[in-house]
Colleague: 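Sharing a structure, written as structure tokens. Questions coming.
In what follows, every chain begins at residue 1, and chains take the letters A, B, ... in the order their sequences are listed.
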Number of protein chains: 4
Amino acid sequence: MKKNKPKYRQIIDAAVVVIAENGYHQAQVSKIAKQASVADGTIYLYFKNKDDILISLFREKMGDFVAKIREAVAGKSTAAEKLLVLVENHFKILSEDPHLAVVTQLEVRQSIKELRLQINAVIKDYLLLIDDVLKEGVRTGEFKGSLNILLARQMIFGTMDETVTTWVMNDQKYDLKSLASEVGDMLLNGFSAR
Amino acid sequence: MKKNKPKYRQIIDAAVVVIAENGYHQAQVSKIAKQASVADGTIYLYFKNKDDILISLFREKMGDFVAKIREAVAGKSTAAEKLLVLVENHFKILSEDPHLAVVTQLEVRQSIKELRLQINAVIKDYLLLIDDVLKEGVRTGEFKGSLNILLARQMIFGTMDETVTTWVMNDQKYDLKSLASEVGDMLLNGFSAR
Amino acid sequence: MKKNKPKYRQIIDAAVVVIAENGYHQAQVSKIAKQASVADGTIYLYFKNKDDILISLFREKMGDFVAKIREAVAGKSTAAEKLLVLVENHFKILSEDPHLAVVTQLEVRQSIKELRLQINAVIKDYLLLIDDVLKEGVRTGEFKGSLNILLARQMIFGTMDETVTTWVMNDQKYDLKSLASEVGDMLLNGFSAR
Amino acid sequence: MKKNKPKYRQIIDAAVVVIAENGYHQAQVSKIAKQASVADGTIYLYFKNKDDILISLFREKMGDFVAKIREAVAGKSTAAEKLLVLVENHFKILSEDPHLAVVTQLEVRQSIKELRLQINAVIKDYLLLIDDVLKEGVRTGEFKGSLNILLARQMIFGTMDETVTTWVMNDQKYDLKSLASEVGDMLLNGFSAR
DNA sequence: AATGAATGAGTCTTCATTCAT
DNA sequence: GATGAATGAAGACTCATTCAT
């Protein structure tokens, strides 16, 4: 598929808006086409099928997401700082794109199991980034040597995810970003070498 | 609806099996009816519509779930012990019912948003139980006085949920229960008064 | 079927009320049973099937209807008077039973064609009564000798029927009975020997 | 809906045939689609739902019907002639389209009440045309000055309708058109100033 | 005679996808 | 490349009727 053509992103952006505003099951292909100002059939010149729109959407947006966080993390020297900056940016990016937040926290999860497996592959990259920070923390002695990396990562990701989902379910009506340091501290406590 | 009639639970149990094995979107009413050995129409004597099956299923199973955990927690005297026993039982109950684990971790989340709002109301009870443990820990000085109860609860629930989901996504092929103490310790560290 | 048992009429009367208030297609057997204070299955001890309820209802009510009109007509000596009294009573009887009026003018006609053929057989008796009056009028010279009995009857029945239907469609909000003499006069003019 | 597309009328014509031959309640959408040589889904590109087919059918056919009668009436100078020509054409048009006659006289009336209300709005136009003829007759002195226009119209429409229905119920086996002058005369007599 | 829980056949409608233009 | 009219498969739900008690 021709990913660098402008219509490719045009359709993806339309999909984010339509899914966020109507929900996954009310996001018909024709609605996305209309929002993108293209004909229904045109969608199929850029995407294999409807699920492919969602996967591509997720891959594109998640790619940007991870790239931004990776960059932010790179600027910090300690694992603790990196973890904090990771949480901060996770919250910040989703705060700044309300449509995307709705799509990632609520709507994507309504897709069928097969679709979610593919989406998990996309998340993998993010999980590996978290793992890297954790491993670094163990290596430098910031985190306890006995730390179970997998469990710690699940704690980090699960906590952030649950926090963002709760915020979205409450219609994003409080400030998510300001929760970052507190969340980060609790997580760090859990891992600290003491 | 007539909840004490045997057919009510018969249908719910059939739904758990069918949804776990086929996924929510492939769990046709006729398939559930067949599994329950009743006619399609009989379903509608006990449930308003298809969504009502899922909500009822979740309410019944979650009711049992919370009751079991509440009982286990009641037998412990410190907040820390209570939290550990909560995590242990959360993992234990889902470990022992693989079908239910699939339904709660994957399939229920595919339901439409409106449905999920109702399901959240059912979860509420569980979240309140977690809150109680946290409040007790703050009161007794086990947990730091500055603990943000909401965030802490999101950390506990998010961590357990992500841990179970990862386990389910990996086809339940490792022992979930044995992770409980490690997960519990990390969480406790995060909250401890030091 | 056991027509002299009290439950037979009890069910018919319930059917009139339920059909008038809910419409033919919303008059489920279970609703009629409830209104009649009997079990669903009991209906089938007195009626062959659902259509049989409607046919029986119509036969019973139409029987009473024709009997009343026949009696009123019998008391008059000229064909003209008989026709007038027929129109008057047609309007009077339906005026006094609003539920029945709704059922005969609107709901019965929603039944399937086969059903309506049977209902027509029930009306036959009424049409024959009208024919008798017309024939008498021709015999006595009150009506023109060239009168086409069939057409004249269709004119009488069609006019009365349309008048009642219009009244029912207007929610029976004006006085139907007071239209009788005017309708009767117009019809008589059409038939008069001059 | 796109009324000038050929498929619109193609579907309507198919519906007339299917409804006339099978009855309204046995006229499944799939049957109409097959008769029209289109896919089931295509129906919904031109009609909101099944009821909309019937309403549209009636509106189109009734529109043609009234237009033809209006034209015929326009060519006559006296109210009496107009009334005669109206009856003649009413019978003639339905005589020449046996399928349409079955649909208008029997099947349309089986539709639910809500549907019939909409259909009545379509008939309105025809009733107004009749009213106009009657008013003209009164103005010119052809009809008696005391004529109750509403009742007279009900007599005209009711008589014609009953006459056509009886003819349809008798499988259209006699000549309807030849009854027109006799029916017209009887009606005229009823209204005449003498 | 009476009950009412259980049955299961039957249909409208949506919407992802195609393909002739 | 782009269009959008046409396709047709698929499934939840209702309700008249039955029959074991």
Colleague: Should E:dT21 form a Watson-Crick or G-U wobble pair with both distances under 3.5 Å, which nucleotide is its partner?
Modeller: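 F:dA2 is the nucleotide pairing with E:dT21.
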Colleague: Rounding to an integer number of Å, can you tell me how far A:L45 CG sits from E:dC19 P?
Modeller: 13 Å
Colleague: With a 3.5 Å limit on both atom pairs, tell me what E:dA1 is paired to, counting Watson-Crick and G-U wobble, or say none.
Modeller: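 Paired with no nucleotide.
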Colleague: May I ask which nucleotide in the shown strands pairs with E:dG8, Watson-Crick or G-U wobble, both distances under 3.5 Å?
Modeller: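 Check on E:dG8: paired to F:dC15, both distances under 3.5 Å.
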Colleague: Compute both the distance and the angle, then confirm whether C:K50 meets the cation-pi test with C:Y24: under 6.0 Å from the six-membered ring centre, within 45 degrees of the axis.
Modeller: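 Output yes; distance and angle both within limits.
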Colleague: When the nearest nucleotide of DNA chain F is assigned to B:S30 and to D:V38 on a heavy-atom basis, which residue is associated with the more 5' position?
Modeller: D:V38
Colleague: Between A:T165 and A:V168, is any pair of side-chain heavy atoms under 4.5 Å apart?
Modeller: no
Colleague: Working to the nearest 0.5 angstrom, can you tell me the gap between A:I43 CD1 and A:K48 NZ?
Modeller: 14.5 Å
Colleague: Strictly below 4.0 Å: does B:K50 bring a side-chain N or O up to OP1 or OP2 of F:dC13?
Modeller: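 Checking B:K50 against F:dC13: no side-chain N or O falls below 4.0 Å of OP1 or OP2.
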Colleague: Provide, to the nearest angstrom, the distance between the OH atom belonging to D:Y24 and the C1' atom belonging to E:dC12.
Modeller: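 Those two atoms, OH and C1', are 11 Å apart.
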Colleague: Should the pair A:Y8 and A:F47 be assigned to parallel (<30°), tilted (30 to 60°) or perpendicular (>60°) ring geometry?
Modeller: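 Answer is parallel, since the angle falls under 30°.
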Colleague: Pick the closest DNA chain F nucleotide for B:D40 and for A:A39 by heavy atoms, then say which residue is nearer the 5' end.
Modeller: A:A39
Colleague: Using whole Å, report how far CG of A:N49 lies from P of E:dT17.
Modeller: 5 Å
Colleague: Roughly, in whole Å, what's the span from CD1 in D:I43 to P in E:dC12?
Modeller: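 So the two atoms are 10 Å apart, to the nearest Å.
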Colleague: Once you apply a heavy-atom cut-off of 4.0 Å, does B:V29 come out as touching a base, just sugar-phosphate, or nothing?
Modeller: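 Counting heavy atoms under 4.0 Å across all strands, the contact made by B:V29 is with sugar-phosphate only.
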Colleague: Does E:dG8 have its OP1 or OP2 closer than 4.0 Å to a side-chain nitrogen or oxygen of B:Y44?
Modeller: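 B:Y44 to E:dG8 OP1/OP2: no side-chain N or O under 4.0 Å.
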Colleague: When the distance from OH of C:Y46 to P of F:dA16 is rounded to whole Å, what number comes out?
Modeller: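 Result: 20 Å.
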